[in-house]
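In what follows, a single structure is set out as structure tokens and then discussed.
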There are 2 protein chains.
Amino acid sequence: MFRGQFIHKISKTGRISVPSKFRDNLKKKYRTNFLILSTFENSIICYPLPEWDKLEDKLSRLPQFKKETVEFERYLIGNAHECEIDTEGRIMIPSILRKDFNINNSAVFVGMLSRFEIWSEKVWKKSLVSSFKKFQKSREVIDEI
Amino acid sequence: MFRGQFIHKISKTGRISVPSKFRDNLKKKYRTNFLILSTFENSIICYPLPEWDKLEDKLSRLPQFKKETVEFERYLIGNAHECEIDTEGRIMIPSILRKDFNINNSAVFVGMLSRFEIWSEKVWKKSLVSSFKKFQKSREVIDEI
DNA sequence: GCGTAATTTGTCATTTTTTGGCATATAAAA
DNA sequence: TTTTATATGCCAAAAAATGACAAATTACGC
């Protein structure tokens, strides 16, 4: 499970080291050092490749020319980039994603159990403040669990 | 699998380099460097030759005189061009297709699993904005899958 | 058919981006 | 504090993308 928050620096070439706890989890639980980075709301979302593959498998069986499914595929798959964790524990975040999310000098890793997110530090801090109120509301959802 | 988004420049003669990840996939999975480019909605659609063959196969089993299927066939097959990836990893996009889709200085490659699309950068960006809401909605579909 | 112009192709040079690996710095653990 | 693990900075090498140009091919008018 991916848990916790880590702030790491990003190199000029767009490389950043994945938190070692996340790497351990990837290795033990998923036996991979491949990730899929995609986009979701205000951050990059990262899936272990095996998890992502399940999703693609289902998608690949949808009709090729039906409008809804094509659009769905385009945005889901079109934003999905495969990244390998190198021998130093780093990934390189594709420049398109860095641009889209304003990720420049440092980024925040946020654990989300079976996936994790990468945020621009600025956006993350802003979002924290504004989400406190929302959090109160999401309590209600949690109660149902 | 073809995944992700790449922006590449296009030469005066209409040549553009296919993203290296796509080339790898073509080589490994399909053992070909031939593509079929055709038209669909607002972009050029590109199939590895073996995938295209499957598609033709399916098309050939559709009723021969039904209006919709004939029209669809005419559109898809009639616009199909075979392209070879050269030693530098480039294809040349036929000028008809470039005109049709307003592809001038640069183009966006969008992965779609077993095929990919080539968009004019302008059109792609417009399309992104208008489809942002749909995109958010399609994320919810993931949860259901 | 032939000659000319336009387009396409092959090849190499240049630029830009990505990668691999090591050295240093920082943080965590003993 | 010392040791160990983790993260970062740096640089050279490799790969990828782009640019440029000449040769080959095709299209077109006569």
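Proteins come first, then strands; the chains are lettered A, B, ... in the order of their sequence lines, and each starts at number 1.
Heavy atoms from other residues, nucleotides or ligands lying under 6.0 Å from NZ of B:Lys122 number 12 at most.
In this structure, B:Tyr47 and B:Ile45 approach most closely via the heavy-atom pair OH-CD1, 3.6 Å.
The CZ-P distance, from B:Phe6 to C:dT17, rounds to 15 Å in whole Å. Between B:Arg23 atom CZ and D:dT18 atom C1' there is a gap of 12 Å when expressed in whole angstrom units. Going from atom CD1 of B:Ile91 over to atom C1' of C:dT8 covers 14 Å, rounded to whole Å. One interatomic measurement links the two molecules: CE of B:Met92 to P of D:dG19, which rounds to 17 Å at whole-angstrom precision. Look at NE2 on B:His8: it is 9 Å from P on C:dT18, rounded to the nearest Å. A straight line from CZ of B:Phe22 to C1' of D:dA16 spans 15 Å, rounded to a whole angstrom. One atom, CG of A:Leu97, and another, P of C:dT18, lie 12 Å apart when rounded to the nearest Å. Rounded to an integer number of Å, the gap from CZ of A:Phe109 to C1' of D:dT8 is 13 Å.
When only modelled atom types and interatomic distance are considered, B:Ser120 and B:Asn102 share no side-chain donor-acceptor pair under 3.5 Å. Side chains of B:Glu117 and B:Trp119: a donor-acceptor N/O pair is present below 3.5 angstrom, by distance only.
Here A:Ser20 lies in heavy-atom contact (under 4.0 Å) with sugar-phosphate atoms only.
Between A:Glu84 and B:Arg90, the residue anchored closer to the 5' end of DNA chain C is B:Arg90, taking for each the nucleotide with the nearest heavy atom. When each of A:Glu88 and A:Thr13 is assigned the nucleotide of DNA chain C bearing its nearest heavy atom, the one mapping closer to the 5' terminus is A:Thr13.
Looking at A:Arg15, its side chain has no donor and acceptor atom pair within 3.5 Å of the base of D:dG9.
Side-chain atoms of A:Lys9 lie closest to D:dT8 of the nucleotides C:dT8, D:dT8, D:dC10. Nearest nucleotide to the side chain of B:Arg98, out of C:dT19, D:dC10, C:dT8: C:dT8.
Of the side-chain N and O atoms in B:Ser17, none sit less than 4.0 angstrom from OP1 or OP2 of D:dA16.
Classification of the B:Phe72-A:Phe65 ring pair by plane angle, with boundaries at 30° and 60°, yields perpendicular.
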